[in-house]
J.: 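Input: one structure, supplied below.
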Amino acid sequence: MHEMTHSPVLKSTSFFVLLFITHLFSSAQDSTISFEGKTITLTEVIVRSNINVPAFIERVKADTTFYKAFRNLRVLGFTSLNDIRMMNKKGAVKASLESRTKQHASGGCRITEVLEEKTSGDFYNRKHEYNYYTAELYAGLFFAWDTVCGETNIVKGTELSTKGKSGMARHKEQLKMLFFNPGKKIPGIPLMGNKVAVFDEENAALYDFVIDMEERQGKTFYVFKVKAKEGLSGGKKNKVVIDEMTTWFDYRSFEVLARNYSMSYDAGVYDFDVQMEVQMTKYVDYLVPSLLRYTGNWDVIFKKKERGVFTATLFDFAGD
């Protein structure tokens, strides 16, 4: 049997193949970069894609598609399955609503029709008004008990604002700003308004940012995650409002197709702990919410603490 020998050419070729494989695997690892005070982790698939990180962050900050999807509900008809449960301290249901409603929309006007409804506990008062501001917030998102006209889905120039509002109307507007524009400043909330602006340099150092890519149901998504850093000191931890937020962006249109987030804060005069999950779908060219899950505890001074859970399932969309 002849002993196999290796030529210098073969040795050289093997060396470069090995070098290439080593480079391939080393370059495929996650990479961490710093940008405007933010610590951003790029997963290996993002590293390979050579994404423009500054441009990506700016698109995330400037996004209006999430808010636009909810604005689209003002000009479309849809059916909604509504499940709202108010809990006591022990986690048992003390009041609830289960209903099936249908919104009719035409010519810039809309109204909600109740198809089925079942309630328990003190969900309503004697005047058939909501006993809970969690329910009021829900109704403000999905119901129009009287005909509302002049509706549009235009976002530009219709940014959420507390200007000219007071009392419960102002409070609900602030909640909407917190829900629809997470990561942006909220005026008029003492001690907290600026702390939700996670992209500002003064707050960015408290968070880890991750950019990833994912396949779901045959579609490609950019995944952007914001999470409070582990092991923050007490003083720094008190500056955190958005504990974690994950957003799925359509790879081509950059529309928000899903978002999960959790927020908590204790300012003494009020505190809250909220988790939300929102899933979107497409009706013709309209991006619309198809599922919204909420779990939240709210404690506002001079009001009873509320522990609420609700799920909204939207379908059968229709337009003019």
J.: Over all heavy atoms of both residues, which pair between Thr247 and Val256 is shortest? Give the atoms and the distance, please.
T.: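 Heavy atoms of Thr247 and Val256 come nearest at CG2-CG1, 3.7 Å.
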J.: Considering non-hydrogen atoms only, spot the tightest contact between Ile211 and Ile51 and give its length.
T.: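 Nearest heavy atoms, Ile211 then Ile51: CG2-CD1, 4.4 Å.
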J.: Going by salt bridge (charged side-chain N to carboxylate O under 4.0 Å, His left out), name the pairs with one or both residues in residues 197-206, residues two or more places apart or in two chains.
T.: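 Sorted result for residues 197-206: Lys185-Asp200.
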J.: Any idea which heavy atoms bring Phe199 and Val60 closest together, and the distance?
T.: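 It is CZ-CG1, 3.7 Å.
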J.: I'd like to know if the side chain of Gln103 and the backbone of Leu76 have a donor-acceptor N/O pair within less than 3.5 Å.
T.: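 At least one qualifying donor-acceptor pair exists.
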J.: So, the side chain of Asn297 versus the backbone of Phe272: is there a donor-acceptor pair under 3.5 Å, distance only?
T.: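 Absent.
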J.: By side chain to side chain contact (heavy atoms under 4.5 Å, CB included), which residues pair with Leu115, not counting sequence neighbours?
T.: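 Once residues adjacent in sequence are excluded, the partners of Leu115 under the side chain to side chain contact (heavy atoms under 4.5 Å, CB included) criterion are Arg100, Lys102, Glu113.
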J.: For Tyr133 and Trp298, take the angle between the two ring planes, folded into 0 to 90°, and tell me which bin it lands in: parallel under 30, tilted 30 to 60, perpendicular over 60.
T.: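 Plane angle over 60°, so perpendicular.
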J.: Begin from the C-alpha positions of Leu73 and Phe70 and carry the test side-chain contact (heavy atoms from CB on, under 4.5 Å) through to its verdict.
T.: CA-CA 5 Å; Leu73 296 180; Phe70 283 89; 4.3 Å; yes
J.: Does the side chain of Ile84 come within less than 4.5 Å of Tyr132's, by heavy atoms?
T.: no
J.: Tell me, which pairs form a ring-ring contact (aromatic ring centres under 6.0 Å, His included) where one or both residues lie in residues 205-240, sequence neighbours left out?
T.: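 Non-adjacent pairs meeting ring-ring contact (aromatic ring centres under 6.0 Å, His included): Phe56-Tyr222, Phe56-Phe224, Tyr222-Tyr251.
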J.: Determine whether more than 12 heavy atoms belonging to other residues, nucleotides or ligands lie under 6.0 Å from atom NZ of Lys229.
T.: yes
J.: Applying side-chain contact (heavy atoms from CB on, under 4.5 Å) to Ile33 and Ser31, what does each step give before you reach the verdict?
T.: CA-CA 7 Å; Ile33 66 171; Ser31 176; 4.2 Å; yes
J.: Give the ring-plane orientation class for Phe254 versus Phe249, where under 30° counts as parallel, over 60° as perpendicular and anything between as tilted.
T.: parallel
J.: Is it true that, when you exclude Lys236 itself, more than 12 heavy atoms of the residues, nucleotides or ligands shown sit nearer than 6.0 Å to its NZ?
T.: no
J.: Consider only side-chain N and O atoms of Asn153 and Asn72, and report whether a donor and an acceptor are under 3.5 Å apart.
T.: yes
J.: Should the ring pair Phe66 and Tyr261 be called parallel, tilted or perpendicular, given that the plane angle runs from 0 to 90° and is split at 30 and 60?
T.: perpendicular
J.: Counting only heavy atoms from other residues, nucleotides and ligands, does the tally under 6.0 Å from CG of Asp285 exceed 12?
T.: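 Atom CG in Asp285 is not packed in, count stays at 12 or less.
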J.: More than 12 heavy atoms of other residues, nucleotides or ligands under 6.0 Å from CZ of Arg307: is that the case?
T.: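 Counting neighbours around CZ of Arg307, more than 12 heavy atoms of other residues, nucleotides or ligands fall under 6.0 Å, so yes.
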J.: Does atom NZ of Lys282 have more than 12 heavy-atom neighbours, drawn from other residues, nucleotides or ligands, at distances under 6.0 Å?
T.: yes
J.: What is the minimum heavy-atom distance between Lys38 and Ala204, and which atoms define it?
T.: CG-CB, 3.6 Å
J.: Considering non-hydrogen atoms only, spot the tightest contact between Ile242 and Val240 and give its length.
T.: O-CG1, 3.6 Å
J.: Please determine whether side-chain contact (heavy atoms from CB on, under 4.5 Å) holds for the pair Tyr138 and Leu97, giving the CA-CA distance in whole Å, both sets of side-chain angles, and the decisive distance to 0.1 Å.
T.: CA-CA 11 Å; Tyr138 186 98; Leu97 174 142; over 6 Å; no
J.: I'd like to know if the side chain of Gln279 pairs up with that of Glu277 as donor and acceptor (distance under 3.5 Å, no hydrogens or angles considered).
T.: yes
J.: For Gly319, does its backbone N or O pair with a side-chain atom of Tyr283 as donor and acceptor, under 3.5 Å?
T.: yes
J.: Tell me whether Ser96 contacts the main-chain N or O of Arg85 through its side chain, where contact means a donor paired with an acceptor under 3.5 Å.
T.: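 Absent.
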J.: Only one of Arg252, Glu214, Met213 passes side chain to side chain contact (heavy atoms under 4.5 Å, CB included) with Thr220; say which it is.
T.: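 The option that passes is Met213.
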J.: Where is the tightest heavy-atom contact between Leu314 and Ser80, given as atom of each residue plus distance?
T.: CD1-OG, 3.8 Å
J.: For the side chain of Arg71 and the backbone of Ile154, is there at least one donor-acceptor N/O pair under 3.5 Å apart?
T.: yes
J.: Using side-chain heavy atoms (C-beta onward) and a distance below 4.5 Å, is Leu291 in contact with Thr311?
T.: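 Yes - at least one pair of side-chain heavy atoms lies under 4.5 Å apart.
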J.: Quick one: do the Ser99 and Asn82 side chains pair a donor with an acceptor below 3.5 Å?
T.: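 Looking only at side-chain atoms, Asn82 and Ser99 do form a donor-acceptor pair, the distance falling under 3.5 Å.
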J.: Please determine whether side-chain contact (heavy atoms from CB on, under 4.5 Å) holds for the pair Met86 and Val93, giving the CA-CA distance in whole Å, both sets of side-chain angles, and the decisive distance to 0.1 Å.
T.: CA-CA 6 Å; Met86 306 308 301; Val93 176; over 6 Å; no
J.: For Glu151 and Arg110, indicate whether the former's side chain and the latter's backbone hold a donor-acceptor pair under 3.5 Å.
T.: no
J.: Between the side chain of Asn203 and the main-chain N/O of Ala197, is any donor-acceptor distance below 3.5 Å?
T.: yes
